[in-house]
Amino acid sequence: MKISVLQTDIKYADPGYNLDRVTRLIRQAEPSDLFVLPEMFSTGFITDREYANASSGVELEWMKDLAAEKNAAIAGSVFVKERGDFYNRFYFVKPDGDTTYYDKRHLFSYSGEDKLMTRGTGRVIVEYGGMRILLQICYDLRFPVFSRNRDDYDLIIYVANWPASRMEAWNTLLPARAVENLSYVIGVNRVGVDPYGTYPGQSKVFDYKGKVLRDCGENHENVTTFEPDFESLKHFRRKYFFLLDADDFIILY
């Protein structure tokens, strides 16, 4: 199972340019089973409702077409309008067009995202290629209870527009989520500049021990590919059964 992480430079509020750019990057990348894009990969982080598409909008159709062309899943979040509500929606599109989505639970009140969008009502795990994958978006990274592993997933994907001013938190919390949940973790962040700030990238992949497996570096576009070893993960979980000792809890949505 090969997974490619795309650290892209997103041109603010220009979906046409960004989709063309990502298409070229994916077509030039080595063959993979899954391509992961940043948060709001077609616009950058945006709350202008003019750019929200219907749930069967341009980005989703683009994802389905490219997934079929590459015979690979495509994952990333976009700004969506549905029945009068607005969402930061993380789509996971499989090669056959089957689509799962997660609506961002923790809306970023510091930027007013909570005033403009509707928050998701639960967490979402998708199964693909023998993996159980938890879908998360940016600010969700700061809330460990929501991502707590109940022995129901093997990999967490965080897609983000995480700014340079708060990279210490990004680089601390990603490996923490890996260690506490005995899970692989992918954090894919954008690069570039928009009206909200500067984004340095530093997209990373961690194993279940918190070890960095891949690092896309700073301030440039990059595509990196890795292959998780799930047999090793299963062996580690059998030997160190920390998940069985976790506290019981209920999340009230």
Side-chain angles (χ1 to χ4, degrees), residues 1-11 15-44 53 57-80 88-102 124-138 153-162 174 183-192 199 201-206 213-217 220-230:
M1 176 73 175
K2 288 188 176 182
I3 304 174
S4 290
V5 175
L6 282 80
Q7 178 170 287
T8 61
D9 187 345
I10 302 172
K11 187 174 181 180
Y17 173 89
N18 294 317
L19 295 184
D20 286 346
R21 178 63 182 156
V22 174
T23 299
R24 289 196 297 272
L25 289 173
I26 289 178
R27 286 175 175 167
Q28 293 167 2
E30 66 177 276
S32 287
D33 301 293
L34 169 60
F35 293 92
V36 186
L37 308 174
E39 177 187 22
M40 292 194 178
F41 62 83
S42 65
T43 58
N53 289 303
V58 173
E59 287 95 339
L60 180 55
E61 293 307 310
W62 172 87
M63 294 174 82
K64 288 181 177 180
D65 289 344
L66 197 56
E69 174 189 325
K70 299 297 293 183
N71 191 31
I74 310 290
S77 97
V78 296
F79 188 16
V80 167
N88 187 342
R89 178 165 291 176
F90 187 166
Y91 282 120
F92 191 104
V93 180
K94 297 178 182 179
D96 63 359
D98 181 62
T99 300
T100 302
Y101 67 83
Y102 158 69
V124 174
I125 295 169
V126 60
E127 294 190 15
Y128 177 67
M131 298 184 301
R132 301 170 300 170
I133 305 169
L134 177 66
L135 307 181
Q136 300 274 273
I137 302 175
C138 203
Y153 66 79
D154 310 298
L155 164 67
I156 314 174
I157 297 176
Y158 289 98
V159 299
N161 276 216
W162 201 282
L174 284 172
S183 173
Y184 285 96
V185 169
I186 295 173
V188 55
N189 191 32
R190 63 163 296 184
V191 294
Y199 306 88
Q202 297 188 30
S203 302
K204 293 182 175 70
V205 178
F206 295 88
L213 301 179
R214 296 289 187 275
D215 185 341
C216 287
H220 63 273
E221 285 190 324
N222 200 356
V223 180
T224 187
T225 301
F226 83 107
E227 191 167 358
D229 183 347
F230 283 95

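When a residue number appears, it is its place in the shown sequence, counting from 1.
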Next item on the list: Begin from the C-alpha positions of Leu6 and Phe41 and carry the test side chain to side chain contact (heavy atoms under 4.5 Å, CB included) through to its verdict.
Entry: CA-CA 10 Å; Leu6 282 80; Phe41 62 83; over 6 Å; no
Hey, are the side chains of [X] and [Y] touching, using non-hydrogen atoms and a 4.5 Å cut-off?
{"X": "Val80", "Y": "Tyr101", "result": "no"}
{"X": "Tyr102", "Y": "Gln136", "result": "yes"}
{"X": "Leu34", "Y": "Lys2", "result": "no"}
{"X": "Lys94", "Y": "Val126", "result": "yes"}
{"X": "Phe35", "Y": "Leu25", "result": "no"}
{"X": "Leu37", "Y": "Val159", "result": "no"}

Note to self: Go through it in stages, so that I can follow the logic: the residues are Tyr128 and Met1, the test is side chain to side chain contact (heavy atoms under 4.5 Å, CB included), and I'd like the CA-CA distance, side-chain angles, deciding distance and then a yes or no.
What the structure shows: CA-CA 10 Å; Tyr128 177 67; Met1 176 73 175; 3.3 Å; yes
Note to self: Please tell me whether Phe230 and Tyr184 form a close aromatic pair, meaning their ring centres lie under 6.0 Å apart.
What the structure shows: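 Between Tyr184 and Phe230, which both carry aromatic rings, the centre distance is below 6.0 Å.
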Item checked: Pair Ile3-Val205, side chain to side chain contact (heavy atoms under 4.5 Å, CB included): steps then yes or no -> CA-CA 10 Å; Ile3 304 174; Val205 178; over 6 Å; no
To the nearest 0.5 Å, what is the distance between [atom1] ([X]) and [atom2] ([Y])?
{"X": "Thr100", "Y": "Ile125", "atom1": "OG1", "atom2": "CD1", "value": "11.5 Å"}
{"X": "Asn88", "Y": "Cys138", "atom1": "CG", "atom2": "SG", "value": "8.5 Å"}
{"X": "Met40", "Y": "Phe79", "atom1": "CE", "atom2": "CZ", "value": "6.0 Å"}
{"X": "Phe92", "Y": "Met63", "atom1": "CZ", "atom2": "CE", "value": "9.0 Å"}
{"X": "Tyr158", "Y": "Ile186", "atom1": "OH", "atom2": "CD1", "value": "12.0 Å"}
{"X": "Glu59", "Y": "Thr43", "atom1": "CD", "atom2": "OG1", "value": "7.0 Å"}

Next item on the list: State, to 0.1 Å, how close Cys216 and Asn222 come at their nearest heavy-atom pair, and which atoms those are.
Entry: O-ND2, 3.1 Å
Margin query: Ignoring hydrogens, what is the shortest heavy-atom contact between Val5 and Ser203? Give both atom names and the distance.
Written below: CG1-CB, 4.1 Å
Checklist line | Pairing of Arg132 and Asp154 as salt bridge, 4.0 angstrom limit | finding: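 Asp154 and Arg132: salt-bridged.
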Next item on the list: Report the residues that fulfil side-chain contact (heavy atoms from CB on, under 4.5 Å) with Thr99, sequence neighbours left out, ordered by chain and then residue number.
Entry: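 For Thr99 the side-chain contact (heavy atoms from CB on, under 4.5 Å) partners, ignoring immediate neighbours, are Leu60, Lys64, Tyr91, Val93.
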Check: By salt bridge (charged side-chain N to carboxylate O under 4.0 Å, His left out), which residues pair with Arg24, not counting sequence neighbours?
Finding: none
Next item on the list: Return the set of residues passing salt bridge (charged side-chain N to carboxylate O under 4.0 Å, His left out) with Asp229 (not counting sequence neighbours), or none when no residue passes.
Entry: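 For Asp229, no residue satisfies salt bridge (charged side-chain N to carboxylate O under 4.0 Å, His left out) once neighbours in sequence are set aside.
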Check: Can Lys70 and Ile26 be said to form a side chain to side chain contact (heavy atoms under 4.5 Å, CB included), step by step?
Finding: CA-CA 8 Å; Lys70 299 297 293 183; Ile26 289 178; 3.9 Å; yes
Notebook entry, point to check: Any donor and acceptor pair, going by atom type alone, linking the side chain of Asn189 with main-chain N or O of Gln202 inside 3.5 Å?
Noted result: no
Check: Do you know which of Arg21, Lys11, Arg190 makes salt bridge (Lys or Arg N to Asp or Glu O under 4.0 Å) with Glu221?
Finding: Arg21
